[in-house]
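Step one of this worksheet: look at the structure below.
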Amino acid sequence: MKYDLRHHMHVYEQLFTSVERVTELIMQTNWEEGSVPPEYWMNTPDHIYVIANTFNLCVVFLARSESTTVVPLVSNMDWPSGTILIGLIEELQHFIQTDISLSLVDGCPLPPLHVQ
């Protein structure tokens with residue numbers, strides 16, 4: 001993910017309106033071996049944009065306060081290669097992924113696309 005952040009820094013600067021925020025995300029995704037310590041864990045919804053771009057996925061983010069759908073902003077393909085659901089348990093500030101305990105019923109409407 002840090003490579004995508006660096007390679008498309010201009011896109012992320014516009015998205016997050018801050019070079020400092022992009023640099024912070026690069027540092028936070030700079031882990032390459034062994035168990036990941038908490039300071040490198042996904043801890044903000046900002047990460048969903050990086051996940052969408054890095055892995056060419058449609059990311060559906062579900063939270064009580066706000067849910068959104070994000071598609072890759074930069075891709076060499078015409079369409080995302082798949083969809084991943086990420087949920088936020090706000091009371092615990094804990095993210096969960098679809099294959100663990102989150103799924104949608106067929107035909108369920110998705111949250112709106114993020115405006116950016």
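If you're wondering where the values come from, they're calculated on a predicted model, not measured in any experiment. Heads up: numbering here begins at 1 and tracks the sequence. Side chains are part of it too, since the values below use all heavy atoms of this structure and drop only hydrogens, waters and symmetry mates.
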| query | Do you know which two heavy atoms are closest between Leu57 and Pro72, and how far apart they sit? | reply | O-CD, 3.4 Å

| field | Distance in Å, His8 NE2 paired with Leu15 CG, rounded so as to fall on 0.5 Å steps | value | 13.0 Å

| said: With a 4.5 Å cut-off on side-chain heavy atoms, are Leu25 and Tyr12 touching? | reply: no

| remark: Between Val70 and Ala52 the two heavy atoms that sit nearest each other are CG1-CB, 3.9 Å

| note | Taking every heavy atom of Val50 against every heavy atom of Asp4, the minimum-distance pair comes out as O-OD2, 4.4 Å

| Interatomic distance, Leu5 atom CG to Met27 atom CE [nearest 0.5 angstrom] | 12.0 Å

| query | For the atom pair SG (Cys58) and CD1 (Ile51), what is the distance rounded to the nearest 0.5 Å? | reply | 12.5 Å

| Residues which pass side chain to side chain contact (heavy atoms under 4.5 Å, CB included) with Met9, listed by chain and number, not counting sequence neighbours | Glu13, Val19, Val22, Thr23, Ile26

| request: For Glu24, enumerate each residue passing the salt bridge (charged side-chain N to carboxylate O under 4.0 Å, His left out) test, keeping only those at least two apart in sequence or located in another chain. | output: Arg21

| request: Working to the nearest 0.5 Å, report the span between OG1 of Thr68 and CD1 of Ile86. | output: 12.0 Å

| message | Tell me the closest heavy-atom pair linking Pro111 and Leu62, and the distance in Å. | response | CG-CD2, 3.7 Å

